[in-house]
Amino acid sequence: MQIFLDTANVEEIRQGVAMGLVDGVTTNPSLVARENRKFRECIDEICSIVDGPVSAEVTATDYDGMVAEAREISSWAPNIVVKVPIVPEGLKAVRTLADEGIRTNVTLVFSVSQAVLAAKAGAYFVSPFIGRLDDIGQDGMDVLEEMVLAWDNYGFEAQILAASLRHAHHFKEAALIGADIATVPFKVLQQAFKHALTDSGLERFLSDWEKVKKLV
Ligand code: E4P
């Protein structure tokens, strides 16, 4: 499973990359707004830190606008993947962009039907939003499981990018179900390291080592 960071914060991205654990980055307009930076400047800096795919989202809502914006955004760096929402105009744009060799990440996916349509349209990544389904009382992981089943049935080329993962248990479930990629906030990457027995075990090893050192 590849790990992407779901953030537009360059300090978090630098720390994740230094850990050697970050295969790519996903952003969205809300994450960029949180940084209070100009869109292009923010994406350029992220692309200078990360070699892997960096998702940057279009904000036009019509076919012509989305295609024009996607062509522009994808020209900024070779590792940009253009995020496009799963609406009819969006999938039409995805098909055009795929034919031009521009990679897309179809976003705001909440059902396996939407996911299949995105794969058929030529998406490079398809992003089911797990946590937002949990928020409305559904089990978001059901959609991921159904997608993996549909992908097994038909061998779609699009990679399944589990998104809207809010805690370490989501991260674990995504791995068990078989997402190609899990995109997580930096906080969740840190949580995934944590285990109380690791902390207490390390503490014991270090205090015992102090006794050994006295013998040298
Ligand atoms: C991923 O591509 C999305 O930007 C992100 O995972 C959404 O997460 P949220 O539902 O926590 O905002």
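Counting starts at 1 for both ligands and their atoms, in listed order.
Of the protein's heavy atoms, Ser164 CA, 3.4 Å lies nearest to atom 8 (O) of ligand 1. Of the protein's non-hydrogen atoms, Asn28 ND2, 2.6 Å is the one closest to atom 4 (O) of ligand 1.
A donor-acceptor pair shorter than 3.5 Å cannot be found between the side chains of Ser55 and Thr26. Using modelled atom types, one finds a donor on one side chain and an acceptor on the other under 3.5 Å when comparing Glu35 with Asn9.
Of the polar atoms of Asp6, at least one N or O is found under 3.5 Å from an N or O of ligand 1, judged by distance alone. The shortest N or O to N or O distance between Arg132 and ligand 1 is under 3.5 Å. For ligand 1, the polar-atom distance check against Thr183 finds no nitrogen or oxygen pair separated by under 3.5 Å. Here's the thing with Lys83: one of its N/O atoms is less than 3.5 angstrom from an N/O atom of ligand 1.
Under the 30°/60° scheme for interplanar angles, the aromatic rings of Tyr154 and Phe156 are found to be tilted.
Judged by distance alone, the side chain of Trp151 and the main-chain N or O of Ala158 form a donor-acceptor pair under 3.5 Å. In this structure a side-chain-to-backbone donor-acceptor pair under 3.5 Å is present from Asp180 to Ile160. Side chain of Ser127 to main chain of Thr107: no donor-acceptor pair is present (N/O by atom type, distance under 3.5 Å, no hydrogens or angles).
No salt bridge links Glu12 with Lys187; every basic N to acidic carboxylate O contact stays at or beyond 4.0 Å.
If you number the atoms of ligand 1 from 1 as listed, the ones under 4.0 Å from a heavy atom of Arg166 come out as 9 (P), 10 (O), 11 (O). Interface atoms of ligand 1 facing Thr26, defined by a heavy-atom separation under 4.0 Å, are 2 (O).
In this structure, Thr107 has no heavy atom closer than 4.0 Å to ligand 1.
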